[in-house]
Enquirer: 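I have a structure I would like to understand better, so I am pasting it below and will then ask my questions one at a time.
Here is how names work: the chains are called A, B, and so on, in the same order as the sequence lines, proteins then strands, and each is numbered from 1.
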Amino acid sequence: MSSPWKPVTYENGKGIFHLFTNLCKGCGLCVEKCPVNTIGWSKKLGVYGTPAVEPGHGEKDCIACGICELVCPDCAIKIEKVKDKKEA
Amino acid sequence: MSSPWKPVTYENGKGIFHLFTNLCKGCGLCVEKCPVNTIGWSKKLGVYGTPAVEPGHGEKDCIACGICELVCPDCAIKIEKVKDKKEA
Amino acid sequence: MAKGAKIALAGEGGQGVQSVAMIITEAAYEDGREALYIPNFGVEQRGGVSVAYVQISDEPIGSPKFKTADIVIALSDRAVRRTQRYVGDKTIFVYDADIEGVEDDLPKNAAKVLAIPAIKVAKDELHPRVFNIVIMGAVIGATGVVDVDRAKQAIEKKLGYKFEKDPKLRELNFKALERGMELVKEEL
Amino acid sequence: MAKGAKIALAGEGGQGVQSVAMIITEAAYEDGREALYIPNFGVEQRGGVSVAYVQISDEPIGSPKFKTADIVIALSDRAVRRTQRYVGDKTIFVYDADIEGVEDDLPKNAAKVLAIPAIKVAKDELHPRVFNIVIMGAVIGATGVVDVDRAKQAIEKKLGYKFEKDPKLRELNFKALERGMELVKEEL
Amino acid sequence: MADKPIEGEKRVFMTGNEVVAWAALAAGAEIMYGYPITPQNEIMHYWTRLAPKYGRKFLQTEDEISAGFTTIGGVLAGRRAFTATSGPGNTLMQEPMSMAEMMRIPVVQVVTQRGGPSTATVIYSQQEVTMTCFGGNGEGARIVYSTSTHQELFDYTIKAFNTAWKYRFPTHILGDGYQSKMRESLTMYDPASRGIEMVPTEPYVAKGGVPGIDRDPNHLRNTYNTEDELYDVVMGIMSDWEKYAPEIAEYQEFDAEDAEVLIVAHGVVTRAVQAAVKELRAQGKKVGHFRPVTLRPLAEEQLRKRAENAKVVLVVESAYGQLCKIIANSLYGLTTPIKKVLKPGVGVTAEEVVEEVSKLL
Amino acid sequence: MADKPIEGEKRVFMTGNEVVAWAALAAGAEIMYGYPITPQNEIMHYWTRLAPKYGRKFLQTEDEISAGFTTIGGVLAGRRAFTATSGPGNTLMQEPMSMAEMMRIPVVQVVTQRGGPSTATVIYSQQEVTMTCFGGNGEGARIVYSTSTHQELFDYTIKAFNTAWKYRFPTHILGDGYQSKMRESLTMYDPASRGIEMVPTEPYVAKGGVPGIDRDPNHLRNTYNTEDELYDVVMGIMSDWEKYAPEIAEYQEFDAEDAEVLIVAHGVVTRAVQAAVKELRAQGKKVGHFRPVTLRPLAEEQLRKRAENAKVVLVVESAYGQLCKIIANSLYGLTTPIKKVLKPGVGVTAEEVVEEVSKLL
Amino acid sequence: MSVAPKMPKCWRPETKAHKFCPGCGHGLVLKALGEAIDELGIQERTVFGCDIGCSLLAWDFFNIDTVQTHHGRTTPVITGIKRANEDVIGIAYMGDGGGYAIGSQHLVNAATRNEKITVILVNNTNYGMTGGQMAPTTLPNQKTETSPYGRDVEATGNPTQGPEMVAAITPDTAYVARGTVANVRQLKKFMKRALENQISGNGFSFVEVLSGCPTNWRTNAAETWKFIEETMPQYFKIGEIKVPGEKKEG
Amino acid sequence: MSVAPKMPKCWRPETKAHKFCPGCGHGLVLKALGEAIDELGIQERTVFGCDIGCSLLAWDFFNIDTVQTHHGRTTPVITGIKRANEDVIGIAYMGDGGGYAIGSQHLVNAATRNEKITVILVNNTNYGMTGGQMAPTTLPNQKTETSPYGRDVEATGNPTQGPEMVAAITPDTAYVARGTVANVRQLKKFMKRALENQISGNGFSFVEVLSGCPTNWRTNAAETWKFIEETMPQYFKIGEIKVPGEKKEG
Ligand SMILES: Cc1ncc(C[n+]2csc(CCOP(=O)(O)OP(=O)(O)O)c2C)c(N)n1
Ligand SMILES: Cc1ncc(C[n+]2csc(CCOP(=O)(O)OP(=O)(O)O)c2C)c(N)n1
Ligand code: SF4
Ligand code: SF4
Ligand code: SF4
Ligand code: SF4
Ligand code: SF4
Ligand code: SF4
Ligand SMILES: [Mg+2]
Ligand SMILES: [Mg+2]
């Protein structure tokens, strides 16, 4: 069964940040919790027609810590660690 | 206002034991609590037509301790101490 | 009186009117007759008068309670007063001869008013504990709603376990039943 | 259109349709007219389409909701779909020209279907925040249910405290109102 | 553990509350939920004594609200579950009953009417008719059997479980304190021995299989978001109700066919009326009796036919017009006058009925 | 502390819930007890904001049962006390209301009907008619005003306190979610400025003086020990009820006198019907409207007179026949056919009424 | 001068003998309460509320304005009165069923809100009025009409610890105690302190009383006393549990 | 292969995005609960009950048989199911209003009876669904629609300490904890332990969760977090309060 939600994907080497616009309600909880303050408002609209979020808004890059994924009440973010690279 | 209840009165020198038959339901709570076991069933009937109580059924006499009065849920007993005698 | 009857039995809590009603109706039921028994009940029953409404008939029985009884049996002063309302001009009103101070409260409109010495008989001739069986006998005597033998069977069923331990009790109870029947028949 | 109107205004939660309804009906009320406004509500409103039902008339107003609106204004794709049921053959259906993917959902039975570039005008010419005032202008333009000056007074009453701090805001809002009226008049 | 509570047939003499407990056992009721209230108590007393012997369960809850909602839970789990209450307890149980009505949950509720309004008396009345039929914020999609004898208490308690599970409407046995407390004879039986098949039950939740994989989950709700959604749901319930009503409705007639005075009464009052009719007929008077067994739905057509031909309809009840409202509403359009004997909270005797009818003739 | 909530007259535009809060203030209500429920909430919201300014009090209780019983307490203390609820909250409040009915306690209850049965919707319906008029295990000794405009909400909320305290029956304002949530204009006023005198209140308990010495104690109970005691109490209540009903009943007529189609509707539905009648009359059709303002008691005689002369009575309601039952019951004996437009849980528009009437003509 | 029974002054003689069963503990509780009211001189200001349950039988017990209400609803009725007239001393008198089962939401929330009322709850380990069913306070293995084989704690839980629960949810200004009819003098003291806590406007006050129900227990006088004095205290600890600003009597 | 959101397996994708407001804590609570159910492998046996209150919005949330009932009545509905079918894992999901106000008699008595069910109560310090009225858990001086001038503890009491109350009335076999959406990992652990306590037939289990209601608090994301993480714990202590046979995590 393929997912009914298509993610917008952002990659920065350390990790992949998937944002499902059809789930994001733009609540901002993730924005506040990102330890490197990289999440900000996107031009893309979320499920309620309000701005969704995206990484790349801070001084530092996403470190793929997964906190935003954890605190999103709508499961709108999925973080994939790009760990294989180093390990490989 | 005179009381609507006429007591049956028993006296033994130490105290006066008044029993209001129209209040006594014959529950026996007082019988069990008398420290000298002097209370027993009377020929007189109580308010529900069951035997009322009276002192004088034990080996010892009533000592006017007032416990029976205290534990009667129906206020059917009144104990008067005959203390004046000695004091006078 | 016919084989059907409406009976109001009233007494103080301890006098056992409900068990009398119970045994009589069970006897009638065992006899294949229609029987209905309903006690009075309410929130302030403690110390109140206990009333048993009994109906026995050969036909289906109507309302569980009734306006006018064929026979009223009152076993205390309060019971005498409480049961007046069930008395009509065909009612036989039975009360215990030992009850004091009810002269003025006895029904004026009854077909008959009978004083029976049930308390006295039970106390003097039998045992105070079989007082209610004397009453049961009186009811049967007055109404004929159940056969004496059936009544005895019903008593047996109810108290049999006691009789086994003390067979003299059986005799005492049956005696009480018969005395009760006689008492009322003497008066009728 | 006459001086009375039934208006259904629908949009997403943040688009301010309820405050538009509020200001319009208050303006009508101040004008001494009969006005009635009722929002939709339910248990699953979060993120649902917000609908405002407005009626303005010179006569007492009947049912608070209505079957068919004189004018429907839909400000999002979901609002376009949700409000179809209020469209009859005399209804003017207004929607924002920027809404995508609703071509097939536009009502077929309406008297007129108008696309107005309210979002664009608000964003490009004015400020996104006065989008709902542009819409208010459109409603007034389409219905004439309230006088422009009354409408301005009502806006003043509602937002006056903001205007005091920043008088330019007043101008912006009034401009928005007028542009809204123009937008719809161009299309009518 | 004993096998069947009743083997074959058995003649007995007992109270109505005991009858209900035995009937529920015989019907295969699996669990009772309840809260004490007079005159219902002995149903629980007998049930708690008997149930463990037959592997049945009991829960005494903290109040009637809970008794009603736990009963709903029992039904959702697929059990023949029931509860019993009276008076103010029935008032409280309108909350769960309204949910059962809305969601078509086949709960069985035994009501032993007592005096009202409020706490009133613990004794008897017919003052819970309106509430049992139409209580709560609903439309009365409920089935109500009003019994008059211990035999009927037995028969209809068994039947209630089948009606409930067949039609999926909450089903009520409307008794009263007299029936609860009086003793009379009846024949108890194992339903199977009379060819009565118990309608099978079915769980609404925990139906087996992983929801979303093996099957869709069952998502039950009683709250709707729009007026139109609700309208469709209620009209769906009521159209089923109208459809099944004629086959659910039950009644009895006694000399009704040619009756000039048609007495309408239900529940225990019918006994007095039946006796009165017998007596009045013996006197040569054209008096008959129509007795609705189901108060909801009412056998409207049948009643109408009799009322149409009568000179007067006399409604007799131990309430202040609760049956009468149902009757007048159903007979609307007829011109036969309706007279009333209203005795809220007290019994009615055959003598009284005879007297009242005599006034009319 | 501000003096009077409203001085003289004041034209306003607000929601119905706000209207109720202001009306209660204007009526001199001293305390409100309540539990949140949509669509009633804003009555409490406004009351909690306004009340402290005028020395009035508020208690949010743990549920509607408590809200009802604390309101009874407030009345017993001699205060103009009121509560407000809806739907399942109203179901729960039947328990205290049955006590108020039994003990003639003049509580005022505002009901903002929502969809039913059960939790259903938070929006609108007329499905609490039967319950508000006849709920609980009682006989419906209750006064029910069914309002249709904000002006009436204001007028009758004030009046309810007077009716309640004058006749000592629980008194109910039967509104609905539409009226609660919509905004329209009305004139608020200080009752005194219109010559409306508030009926004085009186404590039932803590009346002053030592009971047993200065006066007898007031011993209030709702539980009786014998059937006869209860019968006398209920018949006493109902005979007062019958006595006062004609002077309490209120109604309105619109072109009813010569109407061939007589539409009966209450509450907010009357607005659509009034509009429809206007339109149909304009078309030359003999259509009229009878609108009971009090659903309990009903202005039976007046309704009967109109229904008698009509060719058809059309009952229109946002419920499945709750008004209709009351009407048919009151009109029993007439032969004018009754037709129904039943819209449980949804609004009725003038267009629909016109359409339905057109089918009949 | 004729001798009169020693009843509390606020008892109403006209309604005595009262309606409770022979040997019922309610009479003792109401004696302690009556004396407390007498000693505090609050008869005129007091409003007494009783539940249904045997407490209903006290509806005409006192020369005090009284309201008898529904099962479990005495707490809200008295709360409503008190909120409307703060001068009143409001007493809500109920049974364990009324307080811990059907009325527990009221008890819990009145306690949490720290209502300025006094609740007196008679714990007789059963539903007395309805003929002896299991109550939340029924002891483990105790036989009642709805636990005919003895209360099974695995299936139905342990006896409710009411005062302990109330103490856990009230602020420090509340008064909570458990007395017993086996110690009427102590009981009166608890009642007085509870009422004083209301009189001073301090907060909620609650007294549970261990009491006898010989009718449903089917006990004679000796057994009744034994159950009250020996059996019940094994499960219910007698003493003051919460005393504002003072040390408790245990 | 397309990337799918990382939702708990037992969530029902068809009904997502769910119906809760943006930033609502309910989503986080149900994430923790969903993962706990997944990890315990009990999806098939579980019956989920929700109250009215915002929990109602979860009526079609899971691929789990679900029943949405009346305000405060989820506890008895789930109790009724569990009593009728002991194989079921019953979860009663409710708000602070549903659990501590209108449904408190059910909570208290289910806890006392040690019902083998799991109650999860979302404490958002207000009545969310009805638009933000005062709840039993509203903080002192907190403004709500029915405490517009701030909650006056003198008149309306202090915030209900639910888990503490439940702990006080349950036997040692019950599990009681208070978690927070600010610590979803810990919350999931509490949920698992609660469910395990039911699975093992040990006894009642209760988890209160401190949760955000940005809509009625009228807070932005930063303020929401601050209220949950800093303000609420001043009144509500996070941690395990009762753990059968184990030491608690505080
Ligand atoms: C709503 C409601 N449910 C049930 C009853 C029946 N009822 C009357 S008293 C009572 C129990 C009383 O027990 P308790 O409160 O312990 O008082 P006690 O009689 O033991 O003193 C019950 C269940 C009722 N009157 N109202
Ligand atoms: C009997 C009843 N009373 C009141 C309501 C209205 N009501 C619905 S939800 C709710 C409050 C919900 O608050 P809470 O339980 O805290 O849940 P939340 O919405 O905060 O998650 C109320 C009062 C109702 N539906 N039923
Ligand atoms: S927490 Fe989730 S829903 Fe909220 S803004 Fe971030 S991604 Fe969107
Ligand atoms: S994964 Fe961590 S660092 Fe990356 S956006 Fe999310 S919270 Fe920020
Ligand atoms: S305690 Fe009182 S009522 Fe009981 S027997 Fe003794 S005197 Fe009589
Ligand atoms: S006063 Fe004391 S000694 Fe005398 S009878 Fe009473 S209890 Fe016994
Ligand atoms: S039943 Fe028990 S509690 Fe009630 S009055 Fe009798 S002895 Fe007292
Ligand atoms: S109102 Fe509050 S609790 Fe309810 S869904 Fe919205 S944020 Fe969540
Ligand atoms: Mg008790
Ligand atoms: Mg909440």
Side-chain angles (χ1 to χ4, degrees), chain F residues 29-33 35 56-81 83 92 95-100 102-103 105 107 136-137 201 203-225, chain G residues 9-15 19 41-52 56-90 92 102-110 112-113 115 117 129:
Chain F
E30 290 156 286
I31 185 162
M32 174 181 190
Y33 304 84
Y35 188 76
R56 319 296 176 82
K57 294 183 198 164
F58 175 73
L59 175 65
Q60 183 172 318
T61 57
E62 57 278 13
D63 62 12
E64 288 87 355
I65 295 173
S66 182
F69 281 104
T70 49
T71 305
I72 286 176
V75 170
L76 295 178
R79 307 295 184 208
R80 259 180 223 107
T83 188
L92 287 173
E95 199 208 343
M97 289 306 132
S98 73
M99 173 163 152
M102 179 67 144
M103 296 168 73
I105 300 169
V107 296
N137 58 340
T201 62
Y204 289 69
V205 293
K207 297 162 80 85
V210 181
I213 295 178
D214 306 319
R215 61 171 173 95
D216 275 346
N218 205 1
H219 286 154
L220 304 162
R221 63 167 166 160
N222 61 63
T223 308
Y224 296 88
N225 196 41
Chain G
K9 254 183 25 215
C10 62
W11 277 29
R12 183 166 176 80
E14 290 87 334
T15 59
K19 302 180 181 77
I42 55 171
Q43 182 180 355
E44 180 170 2
R45 303 162 60 191
T46 298
V47 175
F48 180 75
C50 53
D51 221 90
I52 189 163
L56 126 86
L57 300 174
W59 71 273
D60 60 357
F61 195 97
F62 291 110
N63 265 325
I64 286 176
D65 289 341
T66 299
V67 51
Q68 177 259 316
T69 183
H70 283 204
H71 190 31
R73 313 310 179 201
T74 316
T75 307
V77 168
I78 294 298
T79 297
I81 292 171
K82 180 77 181 193
R83 289 270 174 173
N85 181 353
E86 286 165 18
D87 295 336
V88 160
I89 302 303
I102 196 169
S104 51
Q105 76 269 43
H106 311 308
L107 178 61
V108 164
N109 281 277
T112 307
R113 290 196 307 262
E115 295 287 348
I117 63 169
M129 171 57 76

Enquirer: Which pair of non-hydrogen atoms, one from F/Asn218 and one from G/Asp65, has the smallest distance, and what is that distance?
Expert: N-OD1, 2.8 Å
Enquirer: Is it the side chain or the backbone of F/Thr71 that comes within 4.5 Å of chain G heavy atoms, both, or neither?
Expert: neither
Enquirer: Please name the pair of heavy atoms, one in F/Lys57 and one in G/Ala84, separated by the smallest distance, quoted to 0.1 Å.
Expert: NZ-O, 4.1 Å
Enquirer: Go through F/Leu59, F/Ile72, F/Leu76 and name the one with the most non-hydrogen pairs under 4.5 angstrom from chain G.
Expert: F/Leu59
Enquirer: Closest heavy-atom contact between G/Arg83 and F/Ile31?
Expert: O-CD1, 3.8 Å
Enquirer: Please look at F/Arg221 and chain G and tell me whether the side chain, the backbone, both or neither of the residue comes under 4.5 angstrom of a heavy atom of that chain.
Expert: both
Enquirer: In terms of heavy-atom proximity below 4.5 Å to chain F, should G/Thr69 be classed as side chain, backbone, both, or neither?
Expert: both
Enquirer: Considering only heavy atoms, which portion of G/Phe62 lies under 4.5 Å from any heavy atom of chain F: side chain, backbone, both, or neither?
Expert: backbone
Enquirer: Below 4.5 Å from any heavy atom of chain G, which atoms of F/Glu30 appear? Answer side chain, backbone, both or neither.
Expert: neither
Enquirer: Among F/Pro211, F/Gly68, F/Ser66, who wins on heavy-atom pairs under 4.5 Å with chain G?
Expert: F/Pro211
Enquirer: Just verifying a value: how many Å separate F/Glu95 CD and G/Arg73 CZ, rounded to the nearest 0.5 Å?
Expert: 4.0 Å
Enquirer: Counting heavy-atom pairs under 4.5 Å to chain G, which of F/Tyr33, F/Phe69, F/Tyr204 comes out on top?
Expert: F/Phe69
Enquirer: Check the pair G/Gln105, F/Thr61 against side-chain contact (heavy atoms from CB on, under 4.5 Å), reporting the backbone distance first and the verdict last.
Expert: CA-CA 10 Å; G/Gln105 76 269 43; F/Thr61 57; over 6 Å; no
Enquirer: Within this structure, what is the CG-CG distance for the pair G/Leu56 and F/Asn225, rounded to the nearest 0.5 Å?
Expert: 8.5 Å
Enquirer: Which region of F/Asp63, side chain (C-beta onward) or backbone (N, CA, C, O), has a non-hydrogen atom less than 4.5 Å from a non-hydrogen atom of chain G, or is it both or neither?
Expert: side chain
Enquirer: Under a 4.5 Å cutoff for heavy-atom pairs, which residue among G/Gln43, G/Arg45, G/Arg12, G/Lys9 has the most contacts with chain F?
Expert: G/Arg12
Enquirer: Taking F/Lys207 first and then G/Glu44, would you say they form a salt bridge - that is, a charged N and a carboxylate O separated by under 4.0 Å?
Expert: no
Enquirer: Apply the test side chain to side chain donor-acceptor pair (under 3.5 Å) to residues G/Gln68 and F/Thr223: give CA-CA distance (whole Å), side-chain angles for both, the deciding distance (0.1 Å), then the verdict.
Expert: CA-CA 8 Å; G/Gln68 177 259 316; F/Thr223 308; 2.8 Å; yes
Enquirer: So which of G/Asn85, G/Asp87, G/Ile64, G/Thr79 has the largest heavy-atom pair count under 4.5 angstrom toward chain F?
Expert: G/Ile64
Enquirer: G/Ile81 and F/Gly73: which non-hydrogen atoms are nearest, and at how many Å?
Expert: CG1-O, 3.2 Å
Enquirer: Can you sort out the partners of G/Lys82 under salt bridge (charged side-chain N to carboxylate O under 4.0 Å, His left out), two or more places apart, ordered by chain and number?
Expert: none
